[in-house]
Amino acid sequence: MQKLKDTLLINACNTGLIRGLNLQIIAVLNSIAPNILVDFTDIEGVVAVGDKNNPFLQAAAKNSLKIAVTERRKAEGNAVKLIVNSAYRTVAQQYLLNLQFEQVADRCGIQAVAPPGFSNHESGLALDIQDHIGWEPFLERHSYVWFGPGDRPHFDFRFFAATREDIGTLGIRAFQILWNKYNPTDQILVDGDFGPQTAGRLRESPAEGFNNPFPRVLRLETPPMTGDDVRKVQESLVSNKLTKIDIPINSIFDSVTAAAVKQFQEATKRLAVDSAVGSQTLKALGLV
């Protein structure tokens with residue numbers, strides 16, 4: 001079992017390695033405050049890329065994003081896509097970024113990092129996007145503010161009357177609740193404060209999540225990936241109506257399975273088409 005602290009040894013700059021833990025924290029957060037974060041990948045013309053990307057916003061921010069995207073696509077054509085590189089960031093990701101900043105900042109190109117619980121990305125109101133110049137006038141008409149030359153991809157939603165300010169604290173509470181659920185003999189205080197106990201438990205948390213049935217990104221490799229997680233993906237691909245390729249359910253992520261994944265991603269029209277099964281493809285398949 002790979003722990004959060006161990007990810008620095010595997011790929012020091014990739015917070016996507018803790019995808020499973022991220023998804024579990026988000027699930028607990030939404031159980032504390034139902035629908036406090038909503039998935040925005042159902043907006044036509046929006047594509048979230050990368051396994052470090054948790055495509056969630058507060059509802060008001062999502063609604064404004066949808067209006068802005070619709071306006072630009074109406075003005076310039078439906079071929080225009082809003083490519084989102086980063087959105088909501090869990091306390092685990094923020095903590096890992098701080099570890100990266102302390103240990104490998106030069107290698108990862110990190111100039112500054114907010115403490116866990118205080119990043120704009122932990123608020124459900126921040127986006128990092130591609131083509132910030134093209135999107136700026138459309139986003140700014142709908143309460144998004146460009147961060148500036150210091151962080152060119154970054155936009156913040158600033159209509160505070162329609163949003164909550166406590167999601168950073170709630171995100172810390174979500175992890176504390178998650179830890180206590182799976183560690184009955186090592187309980188920590190659920191107070192929303194990021195102290196030494198919470199930091200220590202984050203370091204020791206499994207990167208793939210607690211008892212997570214999908215602990216890794218599935219992709220075509222040599223030798224091929226095998227296992228129960230591959231079988232579940234194959235079963236879902238066979239049962240859905242978007243995949244036309246006849247694939248065997250053999251628990252082997254082979255070239256036929258990869259082709260079926262690619263076809264499924266293309267058919268959804270809102271997933272990155274990379275033939276790999278990450279968090280967004282798993283969600284689209286109904287597996288998480």
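Sequential numbering from 1 along the given sequence is applied to the chain's residues. What you see is a predicted model, and the numbers here were worked out from it, not measured in a lab. Computed from heavy atoms alone, side chains included, the values below leave out hydrogens, waters and symmetry copies.
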Please tell me if the side chains of Phe138 and Arg73 come closer than 4.5 Å, counting only heavy atoms from C-beta onward. no

Pairing donors with acceptors under 3.5 angstrom, does anything connect the side chains of Thr243 and Asn240? yes

Inter-residue atom distance Leu237.CG - Gln263.CD, 0.5 Å rounding: 9.5 Å

Is it the case that more than 12 heavy atoms not belonging to Tyr182 sit under 6.0 Å from its OH atom? yes

For Phe56 and Tyr88, which heavy atoms make the closest approach, and how far apart are they? O-CB, 3.5 Å

Contacts of type salt bridge (charged side-chain N to carboxylate O under 4.0 Å, His left out), residue Arg158, not counting sequence neighbours: Asp156

Side chains of Asn78 and Glu44, heavy atoms from C-beta outward: is any pair under 4.5 Å? no

Output field: ring centroids Phe118/Phe194 closer than 6.0 Å: no

Please name the pair of heavy atoms, one in Ala272 and one in Val49, separated by the smallest distance, quoted to 0.1 Å. CB-CG1, 4.2 Å

As a test of understanding, state which of Asp186, Asn180, Asn183 forms a side chain to side chain donor-acceptor pair (under 3.5 Å) with Arg201. Asp186

Other cluster members, Val38 - Ile/Leu/Val/Met/Phe/Trp/Tyr, side-chain contacts below 4.5 Å: none

How are the rings of Phe157 and Phe159 set relative to one another: parallel (under 30°), tilted (30 to 60°) or perpendicular (over 60°)? perpendicular

CD (Glu221) with more than 12 external heavy atoms under 6.0 Å: yes

How far apart are the C-alpha atoms of Asp6 and Lys3, what are their side-chain angles, what is the distance that settles it, and do they pass the salt bridge (Lys or Arg N to Asp or Glu O under 4.0 Å) test? CA-CA 5 Å; Asp6 299 330; Lys3 296 181 180 179; over 6 Å; no

Does the side chain of Gln280 come under 3.5 Å of the side chain of Asn53 through a donor N or O and an acceptor N or O? no

Quick check: Trp146 with His154 (ring centres under 6.0 Å apart)? no

Classify the side-chain pair Gln265/Thr281 by whether it contains a donor and acceptor separated by less than 3.5 Å. yes

A side-chain contact here means heavy atoms from C-beta on lying under 4.5 Å apart; do Leu96 and Ile18 qualify? yes

Side-chain donor-acceptor pair present, Asn22, Thr90, cut-off under 3.5 Å: yes

Can a salt bridge be assigned to the pair Asp193 and Arg173 using a cut-off of 4.0 Å between side-chain N and carboxylate O? no

Minimum heavy-atom distance between Ser123 and Ala126, given as atom pair plus value: OG-N, 4.3 Å

Going from CD on Gln94 to NE2 on His121, what distance comes out if it is rounded to the nearest 0.5 angstrom? 8.5 Å

Rounded to the nearest 0.5 Å, what separates atom CD1 in Ile36 from atom CG in Leu29? 5.5 Å

Are the side chains of Val261 and Asp274 in contact, using a 4.5 Å heavy-atom criterion? no

Taking atom NZ as the centre, does Lys232 end up with more than 12 heavy-atom neighbours from other residues, nucleotides or ligands that are less than 6.0 angstrom away? yes

Distance-only side-chain donor-acceptor flag, Thr257 / Asp254, under 3.5 Å: yes

Side chains of Gln234 and Ser251, donor plus acceptor under 3.5 Å: no

Using 0.5 Å steps for rounding, measure from the OG atom of Ser205 to the CD atom of Gln24. 9.5 Å

Determine whether Leu65 and Leu82 make a side-chain contact, defined as any pair of heavy atoms from C-beta on separated by less than 4.5 Å. yes

Run the side chain to side chain contact (heavy atoms under 4.5 Å, CB included) check on Leu282 and Val277 step by step: do they pass? CA-CA 6 Å; Leu282 283 172; Val277 183; 3.6 Å; yes

Among pairs that include at least one residue of residues 57-69, which meet side chain to side chain donor-acceptor pair (under 3.5 Å), considering only residues two or more places apart or in two chains? Asp42-Lys62

Distance, nearest 0.5 Å, that separates CZ of Phe210 from NZ of Lys181: 10.5 Å

Does a sphere of radius 6.0 Å around CZ in Phe147 hold more than 12 heavy atoms from other residues, nucleotides or ligands, not counting ones at 6.0 Å or beyond? no

Is a side-chain donor-acceptor pair under 3.5 Å present for Glu71 with His142? yes

Roughly how far apart are Phe253 CZ and Leu218 CG, rounded to 0.5 Å? 6.0 Å

Please say whether more than 12 non-hydrogen atoms of neighbouring residues, nucleotides or ligands are located less than 6.0 Å from CG in Asp246. no

